[in-house]
Amino acid sequence: MHGRNGLKNRRWSVVVAAGAVLLGASAVHADVLPCPQAIREMRAPHEAVHVLRTLADGSTIGEQRFRAAVENGNLILTVTTHFASGEDWDEHAEMDITKGYRAKVFHKVERAGGKITAEEQVDFASGKVSWLRDGQ
């Protein structure tokens with residue numbers, strides 16, 4: 001991904017990476033990782049747009065829009081990915097950041113041709129996980 005404001009994007013890449021670590025775990029378990037004070041004190045939402053490119057030749061394969069906001073001690077992440085193939089992903093994650101990064105919820109919807117092809121939901125507090133793949 002190529003973004004604007006290199007240093008700023010690296011800081012947010014850490015946030016996204018921490019979210020991915022917390023939210024992408026195979027078991028429904030969320031470790032608490034340190035949360036930088038700058039994230040806790042974030043007053044305005046951070047938004048970024050990235051062009052997605054292949055590693056092989058750098059050709060464009062899509063666009064990703066990222067939004068992070070802090071509300072009532074929670075980091076709210078919204079990522080919308082549009083691929084040139086027509087596939088779209090909408091992802092939403094929430095983390096409690098009062099004592100570090102602690103995953104709360106994750107929700108991802110994948111669409112192709114406007115039809116939902118996959119959906120995943122994780123509620124870390126209750127341990128409830130649900131997903132839909134190819135209509136099942």
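Side chains included, hydrogens not; waters and symmetry mates left out as well; all remaining heavy atoms used.
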Are Val122 and Ile76 joined in one hydrophobic group, where the rule is that I, L, V, M, F, W and Y side chains link up if heavy atoms are under 4.5 Å apart? no
Are Met95 and Met42 joined in one hydrophobic group, where the rule is that I, L, V, M, F, W and Y side chains link up if heavy atoms are under 4.5 Å apart? yes
Please check if the side chain of Arg40 supplies one atom and the backbone of Ile97 the other of a donor-acceptor pair under 3.5 Å. yes
Is it the case that the side chain of Thr117 and the backbone of Glu110 share a donor-acceptor pair, with hydrogens and angles ignored and the cut-off at 3.5 Å? yes
Side chains of Glu63 and Leu52: does their closest heavy-atom pair fall under 4.5 Å? no
Apply side chain to side chain contact (heavy atoms under 4.5 Å, CB included) to residues Tyr101 and Ile39 and explain how you reach the verdict. CA-CA 10 Å; Tyr101 291 114; Ile39 300 297; 3.7 Å; yes
In Å, rounded to the nearest 0.5 Å, how long is the span from OG1 of Thr80 to CH2 of Trp89? 12.5 Å
Could you tell me the separation between the OG1 atom of Thr98 and the CG atom of Asn72, rounded to the nearest 0.5 Å? 11.5 Å
Residues 73-91 vs salt bridge (charged side-chain N to carboxylate O under 4.0 Å, His left out), sequence neighbours excluded, gives Asp90-Arg111
Which is it for Glu119 and His107 under the side chain to side chain contact (heavy atoms under 4.5 Å, CB included) test, yes or no, and what are the steps along the way? CA-CA 7 Å; Glu119 186 171 6; His107 185 213; 2.6 Å; yes
Nearest heavy-atom pair of [X] and [Y]: which atoms, and what distance?
{"X": "Ala68", "Y": "Leu75", "value": "CB-CD1, 4.2 Å"}
{"X": "Arg67", "Y": "Pro45", "value": "NH2-CG, 3.1 Å"}
{"X": "Phe106", "Y": "Ala93", "value": "CD1-CB, 4.2 Å"}

Test side chain to side chain donor-acceptor pair (under 3.5 Å) on Gln64 and His82; report intermediate values, then the result. CA-CA 6 Å; Gln64 189 171 67; His82 301 287; over 6 Å; no
Does a salt bridge link Glu41 with Arg43, judged by any charged N lying under 4.0 Å from a carboxylate O? no
Please enumerate all residues that pass side-chain contact (heavy atoms from CB on, under 4.5 Å) together with Thr60, with sequence neighbours excluded. Val51, Arg53
